[in-house]
Amino acid sequence: MSNESKKITVVGLGYVGLTTALCFASRGFNVVGVDIDANKIDAINNKRLPIHEPGLDRILTESLGKGFTPTSEIPHSDIYFITVGTPSKKDGSVDLQYIEKASEDIGSAIEAGGADTHPLMIVKSTVPPGTTRNVVKARVERKSGKNVGVDIDLCSNPEFLREGSAVEDTLNPDRIIIGEYDKRSGDTLENLYQGFYGTDKSPPLIRTSVENAELTKYANNAFLAMKVSFINEIAHMCEIIPGADVNVVAKGIGLDKRIGERFLNAGLGWGGSCFPKDVKALIAHSKSLGYRPLIASSTLEVNDQQPHRAIDIAKSALGKLRHRRIALLGLAFKPDTDDIREAVSLKIISKLLEEGANVTAYDPAAIPNVQKVLGEKISYSASALECIKDADCCIIVTEWNEFKELTPDDFLRSMKNPVVVDGRRIFRPSDFANKGVAFRAIGLGKEPDETSH
Ligand code: UDX
């Protein structure tokens, strides 16, 4: 059977599932997208995407009803991708209930397909090492009455796409990791990807054990999070070393090819749906095996403190924050998304409210999501300029491009008290020199004072 004539079912239509399903459909595959949330399926059937992701709406419009069918029931298929969520429990360990349910439902669909099929199941969700072999395999076998390794192929195939560039990352990944239960399973998945990318354009591909593949995903995210926490720690040092600037230090170390320039942007910390959850899960999983991972734990600890740097810097300029009007520019956990999961903005807002400040915020995309959580506890502005009007301090929380257009003069004219805390290093400090604005930034030391020696 050719790859394109195989039926692919993607179970779980979050970021990973929707992007995977639509990218396969865009390349001529026959794809069914399944989600238990009937409202979500309705919306997708009406060409409304539940997420804000560049390029995805165009693919949806082109492939709906042609290669892509959204539904609530898992049909019998040749290939099943599991892309359901794996949220954190209170102790940081992973809640596997959606993985368990998806495995069972796929087992039932395989059973309904009858004897003469040999489907492939692929776990794309981020799961602790051992989950594919122990949790998924047992459930699918029990429900289907068939055996993995005999009648069913099984692989772990972690996903590394970033929000905001999910389509681009899916079409041009740095590598593909295939964790195979057995050789036949790996061959089938490699063959599927060769059909998707073309044999001569296939990205580098690693075939390994399911456990290595599962762990690679956690190690990857924990390493990137560590890189950011590391530069944020250096940023803290820069703030107390006159003459230091973390951006220059980051550039200097980033040009060392062994280190690399990416993920060395100091800021107010990392958030989003993956880094916090995955670093916590790695720690919890390792602890459950008897080892407390030191670097992953410090990575998290540095990140928990980082949003408070913005408040400390604001206080050093303003004194008490009580009854002060603080303008926050940016609410999304990063630019070009409306996602506020684990967003630094929420931590800063909660601390500012605790200190008695009046908070006004603006974000080009995320205000509706923040309103759902915080309601009228803060006020919202329709533009960056409206947000900074009459403010005592402005904190740059997310590095949206439109904020980079603001000039020292805008702050000087609009604010009651022109104090700017650049939490994402979007401005050049020299542009603010002698402009009448008190400019502070993450990772920026004071001017060196030679007279004190
Ligand atoms: C991440 C991983 O990059 C991706 O491979 C994985 O599949 C899911 O998690 P994402 O959460 O979309 O993707 O965001 P990413 O662009 O990686 O940024 C994560 C966080 O780190 C953001 O809060 C961002 O602001 C922060 N960050 C990133 C920094 O503070 N500095 C940097 O230099 C880079």
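Indexing begins at 1, ligand by ligand and atom by atom, following the structure's order.
- Near L264, meaning under 4.0 Å from one of its heavy atoms, ligand 1 places the atoms 33 (O).
- At distances below 3.5 Å, at least one donor-acceptor pair connects side-chain atoms of T398 with backbone N or O atoms of A332.
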- [ ] Start with the C-alpha gap between F427 and F432, add the side-chain angles, then the distance that decides, and say whether ring-ring contact (aromatic ring centres under 6.0 Å, His included) holds.
- [x] CA-CA 8 Å; F427 297 121; F432 282 76; 5.2 Å; yes
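- Contacts with ligand 1 closer than 4.0 Å are made by side-chain heavy atoms of K334 only, the backbone lying farther away.
- The environment of R262 atom CZ is sparse: at most 12 non-hydrogen atoms of other residues, nucleotides or ligands sit within 6.0 angstrom.
- With a 4.0 Å cut-off on non-hydrogen atoms, K227 does not touch ligand 1 at all.
- Using a 4.0 Å cut-off to heavy atoms of C274, the atoms of ligand 1 that qualify are 8 (C), 9 (O).
- Of the protein's non-hydrogen atoms, R162 CG, 3.3 Å is the one closest to atom 3 (O) of ligand 1.
- Using cut-offs of 30° and 60° for the angle between ring planes, the F81 and F24 rings count as tilted.
- Checked by distance only, ligand 1 and N220 stay at 3.5 Å or farther apart across all their nitrogen or oxygen atoms.
- Polar contact with ligand 1: present for L161 (N/O pair, distance under 3.5 Å).
- When F263, F160, W270 are checked for heavy-atom proximity to atom 34 (C) of ligand 1, F263 turns out nearest.
- Every atom of ligand 1 with a heavy atom of E163 under 4.0 Å away is listed here by number and element: 12 (O).
- Scanning the protein heavy atoms around atom 1 (C) of ligand 1, the nearest turns out to be F275 CE1, 3.5 Å.
- Of the N or O atoms in G271, one or more lie within a sub-3.5 Å distance of an N or O in ligand 1.
- Across T299, V344, N221, a single residue satisfies side chain to side chain contact (heavy atoms under 4.5 Å, CB included) together with W270, and that is T299.
- Using a 4.0 Å cut-off between a side-chain N of Lys or Arg and a carboxylate O of Asp or Glu, K251 and D245 do not qualify as a salt bridge.
- Within a 6.0 Å radius of CD in E233, other residues, nucleotides and ligands contribute 12 heavy atoms or fewer.
- Checking side-chain atoms of E159 against main-chain N and O of L161 turns up a donor-acceptor pair under 3.5 Å.
- Every atom of ligand 1 is numbered from 1 in the order shown, and the set under 4.0 Å from a heavy atom of E159 is 7 (O).
- Under the 4.0 Å criterion applied to side-chain N and carboxylate O atoms, D312 and R309 are assigned as salt-bridge partners.
- Numbered from 1 in the order shown, with element, the atoms of ligand 1 that lie under 4.0 Å from a heavy atom of K217 read 7 (O).
- A donor-acceptor contact closer than 3.5 angstrom links the side chains of R162 and S165.
- Salt bridge annotation for E355-R324: absent, with no cationic side-chain nitrogen under 4.0 angstrom from a carboxylate oxygen.
- At under 3.5 Å, a nitrogen or oxygen of F333, whether backbone or side chain, sits near a nitrogen or oxygen of ligand 1.
- Only the side chain of R424 comes within 4.0 Å of ligand 1, counting heavy atoms alone; its backbone N, CA, C and O stay farther away.
- At least one N or O atom of N265, backbone or side chain, sits closer than 3.5 Å to an N or O atom of ligand 1.
- Residue V228 places no N or O, backbone or side chain, under 3.5 Å from any N or O of ligand 1.
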